[in-house]
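Inspection log for the structure reproduced underneath, given as structure tokens.
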Amino acid sequence: MSLNQIRPWRTIERRKSRQIFVGNVPVGGDAPISVQTMTNTLTTDVKATVAQIQSAAEAGADIVRVSVPDEASARALKEIVRESPVPIVADIHFHYKRGIEAAEAGAACLRINPGNIGDKKRVAEVIRAARDHNCSIRIGVNAGSLEKHLLDNYGEPCPDAMVESGMDHIRILQDHDFHEFKISVKASDVFMSAAAYQMLAEATDAPIHLGITEAGGLTSGTIKSAIGLGQLLWMGIGDTLRVSLSADPVEEVKVGFEILKSLGLRHRGVNIISCPSCARQGFDVIKTVEALEQRLEHIKTPMSLSIIGCVVNGPGEALMTDVGFTGGGAGAGMVYLAGKASHKMSNDQMIEHIVGEVEKKAAALDEQAAQDDQTEQEEQAAQDIAAAE
Ligand code: SF4
């Protein structure tokens, strides 16, 4: 029984959306909420772009977006797609030809607004290229680039104008019998974004790509994104997301995962529970957590670790984590395994020791998961045989 079944107050009921695919990544329906980022290298610098995509993928990115501002970038995209471990979304603005070239180059998705790429003939050509190359489309409405007639009608960017823009673009795709699309309505203002996304969620069953655009630097942008995206995800809205930070794309991926992890919507790597520390701490909690965060980056298995300065909260937190360490006296603390006090460990050897315990636990959890998968497959095969007889 999952934690959510035991504790219904943890449950988030996700909005029911249609499912599409971005390459081999399902988006919408009951698919896990995917995490995206975007490269900030010159797309024509294939080596640097591929390296950035690989780092983002290593950090957990399911999908990566790449700008295609000119013909040379579209040519480079072909090689980038070939080298990329994850599906690539081509970011296109205004140039319908770049959209066609990107689809031909193997992009898994085009981020393009069909209403902004010229006359009906051009729109039809781009949609045909997307269809021919198994390429989905993301309609990306942005409060900062709304169509002039909407700004004239509404006076300024607002949620109604954003959703109207999105629905206009949706209609164009639907008129071409094209349904492999997702949609975003981003603004840098949290209130505007949240209101637009809530209206959009009522207006369409298309998968929704969440984002607070131009959210800012690492700290302020993380907070803004956590507040904006967090409340929408909590309401069940959102099938994929990108956190937009003026920072390394790897940071965007980490923040995206942390938002999803804090809501129990995705699980990846070690969830470290640690106290802020105070005069009672039996060891340097802050330095230890910093070191462990770096040393445990390679662990992908979802698991938990508590690092608590003293016995005030240590044993209680350790009860709920896979591995724990609680500070004690005389330069040593207690190691907890599966919620139980296991053995003492000196503070100066503790980091190395905890890394070892976490790696052991991750290996055991991976083995258990593999066995569960095999048992499930065997049961399914037995059921299939019984049904065939
Ligand atoms: S757990 Fe102990 S060391 Fe950590 S903040 Fe609380 S009282 Fe201070």
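The residues of the chain are indexed from 1 along the displayed sequence. Read the numbers this way: they start at 1 and go in the same order the structure lists the ligands and their atoms.
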Task: atom 2 (Fe) of ligand 1 - number of protein N/O/S atoms closer than 2.8 Å - done: 1

Task: Results of side chain to side chain contact (heavy atoms under 4.5 Å, CB included) for Asn271 - residues two or more places apart only - done: Ile273

Task: Side-chain heavy atoms of Ile259 within contact of Phe257, under 4.5 Å - done: no

Open item on the list: If we count only N and O atoms by modelled type, under 3.5 Å, do the side chains of Ser145 and Asn142 hold a donor and an acceptor together?
Closed with: no

Task: 4.5 Å side-chain heavy-atom contact, Thr49 and Leu42 - done: no

Open item on the list: What I want to find out is whether Lys148 reaches Asp152 closely enough, with some N-O distance under 4.0 Å, to be called a salt bridge.
Closed with: yes

- [ ] Verify the distance criterion only: is there a donor paired with an acceptor across the side chains of Tyr336 and Glu317 at less than 3.5 Å?
- [x] no

